[in-house]
Amino acid sequence: MIIAVLAVQGDFAEHKKMLEKLGVSCVELRKKEDLFQEYDGIILPGGESTVQGKLLRELDMFDSLRLQIEDGLPVLATCAGLILLADNIENDDRRYFKTLPVTVKRNAYGRQLGSFHVENEFKGIGVIPMTFIRAPYIKSVGNGVEILAKEKEHIVAVRYMNQLAMSFHPELDEDERVHKYFMEMVQEYNKTSKSL
Ligand code: GLN
């Protein structure tokens with residue numbers, strides 16, 4: 001199994017470290033040609049969605065990456081990555097891939113509560129640590145979107161077909177279970193796509 005980590009901006013190095021810990025091979029996506037390597041899943045890291053979106057367009061990576069996601073390649077998106085996937089952004093006019101039918105609010109916890117750490121239940125995994133950094137939350141979800149975690153009344157993790165997206169940063173904690181959950185999605189995808 002090979003996982004591609006988008007590495008144009010943000011905390012991609014932390015995702016790579018997590019993959020190494022799990023013994024999973026990874027490649028970096030830094031330029032257009034990198035999108036034509038062999039890989040079985042993609043990680044969209046946290047960072048700054050506006051910068052990532054702009055770079056993806058400047059580097060001419062945007063459309064190919066969107067097509068891969070639309071085609072069903074498993075994606076794990078954290079924080080800014082969630083914003084890139086979202087259909088709608090409540091407090092921003094910019095839109096990116098629009099492959100995930102949710103409305104998000106950027107920097108939703110305000111300046112005061114810019115960063116915080118909590119533990120909450122994640123459906124199918126159990127209680128996990130959650131680190132939020134100038135995080136968005138999910139205001140509403142469309143048909144077929146499964147809610148996996150909440151922080152107080154707000155939705156902070158969802159799954160929609162091949163897309164697993166969350167407001168917080170599992171790559172910044174020691175707990176490996178979210179990445180393992182994603183690996184299972186990738187294995188499942190490999191089984192079904194190879195049996196077709
Ligand atoms: N605030 C950032 C954005 O809007 C996301 C923060 C993060 O990824 N930690 O893109």
Side-chain angles (χ1 to χ4, degrees), residues 3-19 26 28-30 41-59 61-62 65-66 69 74-120 122 128-141 145 147-152 154-160 163-179 181-182:
I3 301 297
V5 183
L6 181 65
V8 295
Q9 191 269 341
D11 76 335
F12 52 88
E14 282 72 14
H15 278 287
K16 284 182 67 185
K17 267 185 218 146
M18 185 64 93
L19 294 174
C26 72
E28 289 187 352
L29 303 178
R30 289 180 175 272
I42 302 175
I43 294 182
L44 303 178
E48 200 52 46
S49 53
T50 50
V51 178
Q52 293 180 1
K54 190 167 173 277
L55 286 170
L56 286 174
R57 289 199 169 99
E58 282 173 10
L59 294 162
M61 295 170 77
F62 189 89
L65 202 47
R66 193 192 57 219
I69 298 168
V75 185
L76 166 63
T78 63
C79 205
L82 159 66
I83 297 170
L84 291 186
L85 294 181
D87 229 359
N88 199 23
I89 307 170
E90 188 192 71
N91 52 346
D92 202 308
D93 291 337
R94 283 164 282 221
R95 299 289 178 274
Y96 306 96
F97 297 131
K98 288 172 66 68
T99 51
L100 181 66
V102 300
T103 296
V104 296
K105 183 174 179 187
R106 285 186 68 202
N107 301 325
Y109 294 93
R111 278 176 182 274
Q112 294 270 303
L113 218 68
S115 302
F116 60 99
H117 186 83
V118 290
E119 293 197 343
N120 284 308
F122 190 108
I128 59 162
M130 297 182 177
T131 299
F132 292 81
I133 302 170
R134 297 184 60 238
Y137 60 60
I138 298 167
K139 289 274 297 199
S140 60
V141 300
V145 177
I147 296 170
L148 298 176
K150 285 186 168 187
E151 155 56 16
K152 304 217 166 67
H154 297 124
I155 303 165
V156 293
V158 293
R159 172 158 179 196
Y160 178 68
Q163 301 170 66
L164 178 64
M166 58 211 65
S167 307
F168 56 94
H169 291 273
E171 70 281 12
L172 297 182
D173 283 297
E174 291 295 310
D175 199 300
E176 299 155 4
R177 287 176 291 171
V178 170
H179 284 77
Y181 180 103
F182 178 59

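In each ligand, atom 1 is the first atom listed, and ligand 1 is the first ligand listed.
- Residue Ser49 has at least one heavy-atom neighbour below 4.0 Å for each of these atoms of ligand 1: 3 (C), 4 (O), 10 (O).
- The closest approach between a heavy atom of Gly47 and any atom of ligand 1 is below 4.0 Å.
- Within ligand 1, the atoms closer than 4.0 Å to a non-hydrogen atom of Ile83 are 3 (C), 4 (O), 10 (O), numbered from 1 in the order shown.
- Between the Glu171 side chain and the Asp11 main chain, no donor and acceptor come within less than 3.5 Å of each other.
- Listed for the Arg159 side chain is no donor-acceptor partner under 3.5 Å among the backbone atoms of Ile147.
- Taking only nitrogen or oxygen atoms, main chain and side chain alike, Ile133 reaches within less than 3.5 Å of ligand 1.
- With a 4.0 Å cut-off on non-hydrogen atoms, Arg106 touches ligand 1 through its side chain and not its backbone.
- Contact atoms of ligand 1 toward Gly46: 8 (O) (distance under 4.0 Å to a heavy atom of the residue).
- Across Leu164, Val158, Val178, a single residue satisfies side chain to side chain contact (heavy atoms under 4.5 Å, CB included) together with Leu148, and that is Leu164.
- Residue contacts with ligand 1, taken as heavy atom pairs separated by less than 4.0 Å, do not involve Thr50 at all.
- Cation-pi contact between Arg66 and Phe97: absent, since separation from the ring centre below 6.0 Å together with deviation from the ring axis within 45° is not met.
- By the 4.0 Å N-to-carboxylate-O rule, Lys16 lies close enough to Glu28 to be salt-bridged with it.
- In this structure, the side chain of Asn91 engages the main chain of Arg106 through a donor-acceptor pair within 3.5 Å.
- For the pair Phe116 and Thr131, the minimum side-chain heavy-atom distance is 4.5 Å or more.
- With respect to atom 7 (C) of ligand 1, the closest heavy atom belonging to the protein is Cys79 SG, 2.7 Å.
- Closest to atom 1 (N) of ligand 1 among all protein heavy atoms lies Asn107 OD1, 2.7 Å.
- His15 and Thr78 are linked by a side-chain donor-acceptor pair at a separation below 3.5 angstrom, with hydrogens and angles left out of the test.
- Proximity of His169 to ligand 1, defined as any heavy-atom pair under 4.0 Å, is confined to the side chain (atoms from C-beta onward).
- Between Thr78 and ligand 1, no pair of N/O atoms sits closer than 3.5 Å.
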